[in-house]
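In what follows, chains carry the letters A, B, and so on, assigned in the order in which the sequence lines appear, proteins first and then strands, with residues in each chain numbered from 1.
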Amino acid sequence: MKQTLIELLDERVRAALDAAGCEGAPAVVQVSGRPEFGDYQANGVMGAAKARKMNPRQLATQVVEKLDLVGIAGKVEIAGPGFINITLDDVFLAQQMDAALNDERLGVPAVEAKRVVVDYSSPNLAKEMHVGHLRSTIIGDALARVLRFLGHTVIAQNHVGDWGTQFGMLTAYLIEAEQGGDATVALTDLEDFYRRAKQRFDEDEAFATRAREYVVKLQGGDPEVNALWRKFLDVSLHHCEAVYEKLGVGLTREDVMGESAYNDDLAPVVEDLRAKGLAVESDDAIVVYVDGFVNREGDPLGYIVQKKDGGFLYSTTDLAAVRYRVSKLHIDRSLYVVDARQGQHFQQMFAVSRKAGYAPDSVQLEHVGFGVMLGEDNKPFKTRSGGTVKLADLLAEAEERAYALVSEKNPDLPEAERRAIAQAVGIGAVKYADLSKNRNSDYVFSWDTMLAFEGNTAPYMLYAYTRAAGVRRKAEDWNPKAAISLTEPAEHQLALALSRFADALQAVSRETMPHFLCGYLYELATQFMRFYEACPVLKSEGDVRASRLRLCELTARTLKTGLGLLGIQTLEQM
RNA sequence: CUGCCCGUAGCUCAACUGGAUAGAGCAACGGCCUUCUAAGCCGUAGGUUAGGGGUUCGAUUCCCUUCGGGCAGGCCA
């Protein structure tokens, strides 16, 4: 398959518009809002008619006359002011189903491959991962999976925080802990380790002095301090990896490209910016001015790349990273899955990158921002005592709650079985609840809502999959090559939903919006449930039975693939 | 003060380059299990899309404005 359904229809309608004298007019093909308006609608006629001062109904008539949808549409109608409503031919839809079933990629056309960096997760290694890292980690992971599935070369970049003054403090404390003989124990709880180090730093002047010396030694490349630093990072990364594994996120050590990796490039970047006349001194710091940014007083806002004490900032690191990604990784597109609060920073950073020539116009730089996680009280998500919630604890609770639920619904299943289901449901619920919402807005974290079996939730999706997979499994003998026939309305609607998979993925890739995929899968699951209620599968006979089994098969595979692209594991039974 | 994001049913959320009667789930009410998993399906009710103005054949969507909430704004990230 070379194109998606919308691409196909769009091409045909555009050709008809051209033939009707409206060259270059967009077809504006989209899924119909209601069944009585057909399966797809082309809305381009009205706009084209207006631009040419034509009668839209008349133009629509001409377009429909020229419109070649032989073997694709069963019915084409003009409605309202000039809508063209297209109902797909059931034979055509059946062919689509057949093609998808015979394709490992479910009929999703491969796109022109691009090299795409997805920068996500990026925890600070000084501390343990907490809920603040959840959204970046799972949104980024889903986007990486979708882009990869579409045929792009995805380079995940885990831009971890592994540099800065706090690491002097931590390595200094690590020495003390080792002398005390309990370094390994002390490092099992990083959060606690950080707290104690901070406490020593605040209370003991000698320790604070030593910590500051360690920062200098670390930056100076002192082997001993560097070894300690690396040891600490290693432990911290192990913590991250445990979380990634629990979450089912594909990040590995290979993807780690921390702040420290750019240390040697920071001074050259600043030097280069100065040489190009972009960076200038201001209050003893080195800043780059870009148009359109002002501060509180209305004065031009500088983008600081070097502090007055000579130190560099994350702004410098990010510029170095852009250079690296463009010149060494040869990327076409770079996605930064980072908290929306850093929006201005990225706007400035992108602008500087353009001006300095680090990123040519051919390279897309996109900040994939997202809102904060709120508790059910609409305030930032915290523990009951007001502390930050560790990600490991959150995930453990998710599994615990899911286990209780599964045990209540299905007490007869063996313990191990229930544990496995609880893991998929619990983790899936946390991820799906996040991914299913528009990432731009803040979102309310609610155990009850995400673990509900109704509505647009992970449990509902997983249940739909078990039904589809279950029917197929129980069928035993049937002809997997049987022709698909779509006679019932529910069959038509299900097939239609199945045929939209590729377009849903395209939309996710284009807009970097994972919730489009969730919305699609929810629609698919809903249509399947209706089909399941309306059309007996195992109890029907012959060709009808085989045809319906094949629809179940494709539904199961599409749900499994789609949920997989969200990083969610399916279950054969629950 | 400046900029960005948000404001949709009682609650949590949708609405795909502006499209037809703004859709789901929860909560409320009413139906459907000797029938493939009822963890489901069907139905009823629920809206001045924060307010006002503008552009348009058509606005939740674009522009202006007011209100309300969040965030950011030179040496943290």
Whom does [N] pair with, Watson-Crick or G-U wobble, provided both distances fall under 3.5 Å?
{"N": "B/rG58", "result": "none"}
{"N": "B/rU2", "result": "B/rA72"}
{"N": "B/rC67", "result": "B/rG7"}
{"N": "B/rU17", "result": "none"}
{"N": "B/rC41", "result": "B/rG31"}

Side chain [X], main chain [Y], donor-acceptor under 3.5 Å:
{"X": "A/Asp18", "Y": "A/Gly24", "result": "yes"}
{"X": "A/Glu281", "Y": "A/Ala285", "result": "no"}
{"X": "A/Ser136", "Y": "A/Val337", "result": "yes"}

Would you say a side-chain N or O of [X] is under 4.0 Å from OP1 or OP2 of [N]?
{"X": "A/Gln573", "N": "B/rU37", "result": "no"}
{"X": "A/Lys474", "N": "B/rU37", "result": "yes"}
{"X": "A/His515", "N": "B/rC16", "result": "no"}
{"X": "A/Tyr460", "N": "B/rC26", "result": "no"}

Is the A/Phe350 ring parallel, tilted or perpendicular to the A/Tyr336 ring (thresholds 30°, 60°)?
-> tilted
Would you classify [X] as touching base, sugar-phosphate or nothing, given that sugar-phosphate means primed atoms plus P, OP1 and OP2, and contacts are heavy atoms under 4.0 Å?
{"X": "A/Asn456", "answer": "nothing"}
{"X": "A/Ala79", "answer": "base"}
{"X": "A/Thr457", "answer": "nothing"}
{"X": "A/Met513", "answer": "nothing"}
{"X": "A/Phe293", "answer": "nothing"}
{"X": "A/Asp318", "answer": "nothing"}

Please report, rounded to the nearest Å, how far the [atom2] atom of [N] is from the [atom1] atom of [X].
{"X": "A/Gln30", "N": "B/rC16", "atom1": "CD", "atom2": "C1'", "value": "7 Å"}
{"X": "A/Asn438", "N": "B/rU60", "atom1": "CG", "atom2": "P", "value": "18 Å"}
{"X": "A/Gln347", "N": "B/rU2", "atom1": "CD", "atom2": "C1'", "value": "15 Å"}
{"X": "A/Met46", "N": "B/rA59", "atom1": "CE", "atom2": "C1'", "value": "13 Å"}

Less than 5.5 Å between centroids and less than 30° between ring planes, does A/Phe83 satisfy that with B/rA20?
-> yes
How far, in whole Å, is [M] from [N] if one measures between their [atom1] atoms?
{"N": "B/rU60", "M": "B/rG23", "atom1": "C1'", "value": "12 Å"}
{"N": "B/rC16", "M": "B/rA22", "atom1": "P", "value": "14 Å"}
{"N": "B/rC75", "M": "B/rA14", "atom1": "C1'", "value": "43 Å"}
{"N": "B/rU8", "M": "B/rA15", "atom1": "C1'", "value": "10 Å"}
{"N": "B/rC6", "M": "B/rC42", "atom1": "P", "value": "32 Å"}
{"N": "B/rU61", "M": "B/rA50", "atom1": "P", "value": "8 Å"}
{"N": "B/rU2", "M": "B/rA9", "atom1": "C1'", "value": "36 Å"}
{"N": "B/rC76", "M": "B/rU12", "atom1": "P", "value": "38 Å"}

Taking for each residue the nucleotide of RNA chain B with the nearest heavy atom, is it A/Ser436 or A/Glu36 whose nucleotide lies nearer the 5' end?
-> A/Ser436
Between A/His345 and A/Tyr314, is the gap from one ring center to the other below 6.0 Å?
-> yes
Would the A/Phe453 and A/Tyr460 ring centres measure less than 6.0 Å apart?
-> no
Going by number, which of residues 518-527 of chain A have a non-hydrogen atom under 4.0 Å from RNA chain B?
-> A/Tyr522
Verify the neighbour count for atom CD of A/Gln62: are there more than 12 heavy atoms of other residues, nucleotides or ligands below 6.0 Å?
-> yes
Which donor-acceptor pairs under 3.5 Å do the side chains of residues 125-132 of chain A make with protein atoms, sequence neighbours left out?
| residue | atom | partner | partner atom | Å |
| --- | --- | --- | --- | --- |
| A/Glu128 | OE1 | A/Leu190 | N | 3.1 |
| A/His130 | ND1 | A/Gly132 | N | 3.0 |

Please state whether the base of B/rA27 and the side chain of A/Asp448 form at least one donor-acceptor pair under 3.5 Å?
-> no
With side chains defined as the heavy atoms from C-beta onward, is the minimum distance between A/Cys518 and A/Leu566 less than 4.5 Å?
-> yes
Using salt bridge (Lys or Arg N to Asp or Glu O under 4.0 Å) as the criterion, point out the one residue from A/Asp339, A/Asp442, A/Asp434 that pairs with A/Arg135.
-> A/Asp434
Looking only at heavy atoms, the pair that brings A/Leu59 and A/Val45 closest together is CD2-O, 3.8 Å
With the sugar-phosphate defined as primed atoms, P, OP1 and OP2, and the base as all remaining atoms, what B/S/- string results for nucleotides 69-77 of chain B, 5' to 3', for protein heavy atoms under 4.0 Å?
-> --SBBBBSB
